[in-house]
Amino acid sequence: MKFAKSSLLLAVLSGMSCSAFADVDVYGKANVTVQSSDEGEGSFTEVKSNASRIGFKGSEKLHEGLEAVYKFEFQVNVSDDSKDTFTSRNQYVGLQGGFGQLVIGRNDTALKQSQGKLDLFNDLEGDIKNLFKGDNRLSDTVTYSSNDFNGLKVLATYVAEKSSEGENGYSLALTYGDSGLKKSKLYASIAADSEVNGYDVIRASLQGKVADIKLGAMYQKQEKVDGTGEADGYLVNAAYALNSNTFKLQYQTIDFKDGDNNSAISVGVDHKFTKNIKLFGFYSTYDLESDVDQDYIALGMEYKF
């Protein structure tokens, strides 16, 4: 089955003519680490592919001021033979124009998008999703993104219930500034999920830049749709750029109403060779009250294209 899926994708791509790729933006990245992992039963060494991916996106003008847009992105596993080589990421089709952008398909929810680039260990062992709920990429969604209005943007996601017993989900966000902190020195967002993937969530994020230092903070309140599992979470982080190196520190904690408290600390350094190539290392440790503590130390490489 794994071979068949891989072969099918390659056949589709190879069957496309050169003209079909004329207006297609092909992009992706390979991110791989060699790491020592300890998840409670002793440490072991593994090679991990950290959300390596390849994607195809483009647009076509329909008439003045209106375009059709699409994206097909696949996660590529480059290290583990026990997993499928290709799995689906954001894949959608839609329209964009003076009203903003409206897309249908599989996509990150408005709440997930609202965090921007705040997570300094995104896709690695220190990813905030390992403690916080709400980082959802879901199928059966309709997502709206407004155009920028004096730095403000509105994001909204509708999640179809899929069955007569299900409930529609909604994700809303308001953002301000540039999430990459290139056009502005401040990025802020407030977002909420209602009955999305079994949870109600409220999340506020803030990130700013002072000289070569980036500082970030996040507050989150979450609970299951049945009213259980209520918790408050906090995150703070800092990144300091020095020549070709970036030193990173991130702390995250979540307190449950029933008394459990979980936390994580990650430290790391990135060394950029070029705009697209870097070496990096990190150490992440988890203090889990209802489970065994976990520790990870890794060295890796990322190549974007």
Side-chain angles (χ1 to χ4, degrees), residues 31 33 35-40 43 48 50-51 111-136 173 175 177 179-181 185-191 193 199 201-223 229-242 245-271 278 280-300 302:
N31 184 304
T33 50
Q35 64 186 56
S36 175
S37 304
D38 187 345
E39 298 176 338
S43 61
K48 294 199 68 175
N50 305 296
L111 185 139
K112 177 176 169 61
Q113 293 183 48
S114 72
Q115 75 183 43
K117 298 182 179 180
L118 175 65
D119 187 358
L120 299 180
F121 295 87
N122 186 49
D123 294 330
L124 303 176
E125 298 294 353
D127 194 309
I128 67 171
K129 69 183 180 183
N130 293 324
L131 287 187
F132 289 1
K133 298 296 182 180
D135 275 27
N136 294 304
T175 71
S179 62
L181 298 179
K185 293 185 178 181
L186 179 70
Y187 177 77
S189 67
I190 181 75
D193 278 356
Y199 277 84
V201 178
I202 297 175
R203 175 182 291 181
S205 305
L206 179 66
Q207 189 175 33
K209 185 176 182 180
V210 180
D212 295 324
I213 300 176
K214 291 182 181 179
L215 299 173
M218 178 184 287
Y219 165 75
Q220 175 158 315
K221 186 177 183 64
Q222 65 184 49
E223 66 176 356
E230 184 178 346
D232 292 284
Y234 306 87
L235 175 147
V236 291
N237 62 28
Y240 173 59
L242 178 64
N245 302 305
T246 300
F247 301 90
K248 304 183 296 184
L249 171 64
Q250 182 161 288
Y251 173 74
Q252 183 183 356
T253 185
I254 187 164
D255 299 316
F256 289 88
K257 192 174 181 179
D258 63 8
D260 284 351
N261 174 270
N262 298 326
S263 61
I265 299 175
S266 294
V267 294
V269 59
D270 297 346
H271 176 77
K278 71 176 182 182
F280 63 93
F282 69 82
Y283 169 70
S284 294
T285 181
Y286 285 84
D287 183 2
L288 306 174
E289 193 158 327
S290 59
D291 202 351
V292 294
D293 294 347
Q294 300 171 5
D295 295 279
Y296 306 91
I297 185 168
L299 181 65
E302 179 179 271

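Computed over heavy atoms, backbone and side chain alike; hydrogens, waters and symmetry mates excluded.
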- [ ] Validate the cation-pi geometry between K248 and F121: distance from NZ or CZ to the six-membered ring centre under 6.0 Å, angle to the ring axis within 45°.
- [x]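 Yes, K248 lies over the aromatic ring of F121.
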Task: Residues I128, L235; criterion side chain to side chain contact (heavy atoms under 4.5 Å, CB included); working and verdict - done: CA-CA 8 Å; I128 67 171; L235 175 147; 3.1 Å; yes
Below 3.5 Å, can you tabulate the donor-acceptor pairs from side chains in residues 201-209 to any protein atom, sequence neighbours excluded?
{"unit_1": "R203", "atom_1": "NE", "unit_2": "Q220", "atom_2": "OE1", "d": "2.7"}
{"unit_1": "R203", "atom_1": "NH1", "unit_2": "Q115", "atom_2": "OE1", "d": "3.0"}
{"unit_1": "R203", "atom_1": "NH1", "unit_2": "D135", "atom_2": "OD1", "d": "3.0"}
{"unit_1": "R203", "atom_1": "NH2", "unit_2": "K133", "atom_2": "O", "d": "3.3"}
{"unit_1": "R203", "atom_1": "NH2", "unit_2": "D135", "atom_2": "OD1", "d": "3.2"}
{"unit_1": "R203", "atom_1": "NH2", "unit_2": "Q220", "atom_2": "OE1", "d": "2.8"}

If you round to the nearest 0.5 Å, how far is [atom2] of [Y] from [atom1] of [X]?
| X | Y | atom1 | atom2 | answer |
| --- | --- | --- | --- | --- |
| D291 | D293 | CG | CG | 8.5 Å |
| H271 | T246 | NE2 | OG1 | 10.5 Å |
| Y283 | I265 | OH | CD1 | 8.5 Å |
| F132 | M218 | CZ | CE | 7.0 Å |
| D287 | T253 | CG | OG1 | 8.5 Å |
| E302 | N31 | CD | CG | 4.5 Å |

Looking only at heavy atoms, what is the nearest atom pair of [X] and [Y], with distance?
| X | Y | answer |
| --- | --- | --- |
| D123 | N50 | O-CB, 3.5 Å |
| V292 | E39 | CG2-O, 3.2 Å |
| Y251 | S263 | OH-CB, 4.0 Å |
| S189 | S114 | OG-O, 2.9 Å |
| S290 | N262 | N-OD1, 4.4 Å |
| L120 | A238 | CD1-O, 3.4 Å |

Do [X] and [Y] have side-chain heavy atoms sitting under 4.5 Å apart?
| X | Y | result |
| --- | --- | --- |
| L131 | L288 | yes |
| Y296 | L124 | no |
| D119 | Q250 | yes |
| L181 | Y187 | yes |
| D232 | Q222 | no |
| E125 | Q35 | yes |
| F282 | S266 | no |

Task: Residues that D127 engages under side chain to side chain donor-acceptor pair (under 3.5 Å), provided they are two or more places apart - done: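 Counting only residues at least two positions away or on another chain, D127 forms no side chain to side chain donor-acceptor pair (under 3.5 Å).
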TODO: Mind jotting down which residue pairs meet the salt bridge (charged side-chain N to carboxylate O under 4.0 Å, His left out) criterion with at least one end in residues 256-267? Sequence neighbours excluded, please.
DONE: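 Residue pairs passing salt bridge (charged side-chain N to carboxylate O under 4.0 Å, His left out), neighbours aside: E230-K257.
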Open item on the list: The test is side chain to side chain contact (heavy atoms under 4.5 Å, CB included); show your working for Y234 and I254 and say whether it passes.
Closed with: CA-CA 6 Å; Y234 306 87; I254 187 164; over 6 Å; no
- [ ] Indicate yes or no for a side-chain donor-acceptor contact from N237 to the backbone of L118 under 3.5 Å, with no hydrogens or angles considered.
- [x] yes
Task: Pair N245-Y240, side-chain donor/acceptor within less than 3.5 Å - done: no
Task: Verdict with reasoning, N130 to Y286, per side chain to side chain donor-acceptor pair (under 3.5 Å) - done: CA-CA 10 Å; N130 293 324; Y286 285 84; 3.1 Å; yes
